[in-house]
Amino acid sequence: DVQSPEDILTAEKLIFPGVGSYGLVMTRSQEKGYIAPLKQRIAENKPLLGICVALQALYEGSEESPGVAGLGIIPGQVIRFSDRALSVPQIGWNNVKLKKNSPLMNGYANEKLYFVHSYHAQLGTTGKEWLLAVTDYGTEFVSAVEKGNVSAFQFHPEKSGKAGLRILKKKKKK
């Protein structure tokens, strides 16, 4: 449990949970002094797992909260789903298509994973060094990123049944 900015740097492993809006997550992180240690932890390749909005926080910003800076680790802006034929937010089960090998995703057998989001990271700005998986919801979007020991998912592994729990158990071992 993080009580201070120093805890972000000293934790053996860190989960950055994804609850709330982009602006709220980034504003609270800034107020608590968490931005610099999060950036440092990522730069030092210390184990970090981001879930949902935490994946979006890795980018420069989001249409959800114009003018609120993200961590800027990955270039680009997070955008809202724009296809009017789709239900937004996307709530429910969907597949991910892996774009590279990852110890976290070893054994993933195309099971459905649980998503709840209105905004998504775009493929065009996410470099190959980060892109782990994509998902199709009217358009292909970034559903997982990973570089070294830093991983983040748009889906909620903790709500994704056995497949999600397998992923979380692997992160604990990594």
Are Ser102 and Glu146 linked by a side-chain donor-acceptor pair shorter than 3.5 Å?
-> yes
Joint hydrophobic cluster, Val88 plus Val116, side-chain heavy atoms closer than 4.5 Å = no
pair Phe16-Leu49: side-chain heavy atoms closer than 4.5 Å | no
Check the pair Leu113, His156 against side chain to side chain contact (heavy atoms under 4.5 Å, CB included), reporting the backbone distance first and the verdict last.
-> CA-CA 7 Å; Leu113 301 166; His156 285 269; over 6 Å; no
In terms of the angle between their ring planes, are His120 and Phe81 parallel, tilted or perpendicular, with boundaries placed at 30° and 60°?
-> parallel
Would you check if the side chain of Tyr22 reaches a backbone N or O of Gly70 as a donor-acceptor pair within less than 3.5 Å?
-> yes
Residues Leu104 and Ser151: closest non-hydrogen pair is CD1-OG, 3.4 Å
Hey, could you give me the CD1/OG distance between Ile79 and Ser62, rounded to the nearest 0.5 Å?
-> 9.5 Å
CD1 (Ile35) and CD (Gln40) are apart, to the nearest 0.5 Å, by 13.5 Å
pair Asp83-Thr139: side-chain heavy atoms closer than 4.5 Å | no
Could you check Leu38 against Leu48 for side chain to side chain contact (heavy atoms under 4.5 Å, CB included), going step by step and ending with a plain yes or no?
-> CA-CA 9 Å; Leu38 279 168; Leu48 177 127; 3.9 Å; yes
Between Ala57 and Met26 the two heavy atoms that sit nearest each other are CB-SD, 3.5 Å
Please confirm whether the backbone N or O of Gly23 pairs with a side-chain atom of Ser65, one donor and one acceptor, at under 3.5 Å?
-> yes
For atom CZ of Arg28, is the number of surrounding heavy atoms from other residues, nucleotides or ligands below 6.0 Å larger than 12?
-> no
Cluster check Leu55, Ile91: I/L/V/M/F/W/Y, side chain < 4.5 angstrom | no
Measure across Val78 and Ala121 and return the closest heavy-atom pair with its distance rounded to 0.1 Å.
-> CG1-N, 4.2 Å
To the nearest 0.5 angstrom, please state how far the CD atom of Gln90 sits from the OG atom of Ser118.
-> 9.5 Å
Smallest separation among heavy atoms of Ala144 and Phe153, with atom names | CB-CD2, 3.6 Å
Under the 3.5 angstrom rule, does the side chain of Ser21 hit a backbone N or O of Leu24 as a donor-acceptor pair?
-> yes
Going from CD1 on Ile8 to NZ on Lys39, what distance comes out if it is rounded to the nearest 0.5 angstrom?
-> 12.5 Å
Is there a path from Tyr108 to Leu132 through hydrophobic residues (I, L, V, M, F, W, Y) whose side chains come within less than 4.5 Å of each other?
-> yes
Within a strict 4.5 Å, meaning less than it, do heavy atoms of the Phe155 and Ile167 side chains meet?
-> yes
Flag side-chain contact, heavy atom, 4.5 Å: Arg41 against Tyr34 | no
Going by atom types only, do Tyr59 and Thr125 share a side-chain donor-acceptor pair under 3.5 Å?
-> no
Would Val53 end up clustered with Ile73 when hydrophobic side chains under 4.5 Å apart are linked, directly or stepwise?
-> yes
Answer yes or no: is there a side-chain heavy-atom contact under 4.5 Å between Val134 and Val96?
-> no
Val2 versus Leu14: any side-chain heavy-atom pair under 4.5 Å?
-> yes
Steps toward ring-ring contact (aromatic ring centres under 6.0 Å, His included) verdict (Tyr137, His117) = CA-CA 11 Å; Tyr137 191 67; His117 63 120; 7.3 Å; no
Hey, mind stepping through Tyr119 and Phe141 against side chain to side chain contact (heavy atoms under 4.5 Å, CB included) and telling me if it holds?
-> CA-CA 10 Å; Tyr119 296 83; Phe141 66 89; over 6 Å; no
Can you measure from NZ (Lys128) to NZ (Lys147) and round to the nearest 0.5 angstrom?
-> 15.0 Å
Could you tell me whether the side chains of Asn149 and Lys46 share a donor-acceptor contact shorter than 3.5 Å?
-> no
Taking C-beta and beyond as the side chain, do Cys52 and Gln154 meet within less than 4.5 Å on heavy atoms?
-> yes
Is Phe115 reachable from Leu168 through a run of hydrophobic residues whose side-chain heavy atoms are each under 4.5 Å from the next?
-> yes
Hey, does the side chain of Asn95 reach the backbone of Asn110 with a donor-acceptor pair shorter than 3.5 angstrom?
-> yes
If you round to the nearest 0.5 Å, how far is OG1 of Thr126 from CD1 of Ile74?
-> 5.5 Å
Identify whether the distance between the nearest side-chain nitrogen and carboxylate oxygen of Arg166 and Glu111 falls below 4.0 Å.
-> yes
Between the side chains of Gln77 and Gln122, does any donor sit under 3.5 Å from an acceptor?
-> no
Can you see which heavy atom on Ser143 is nearest to which on Thr135, and at what distance?
-> OG-OG1, 2.8 Å
Crowding at NZ, Lys100 (>12 non-hydrogen neighbours, <6.0 Å) = yes
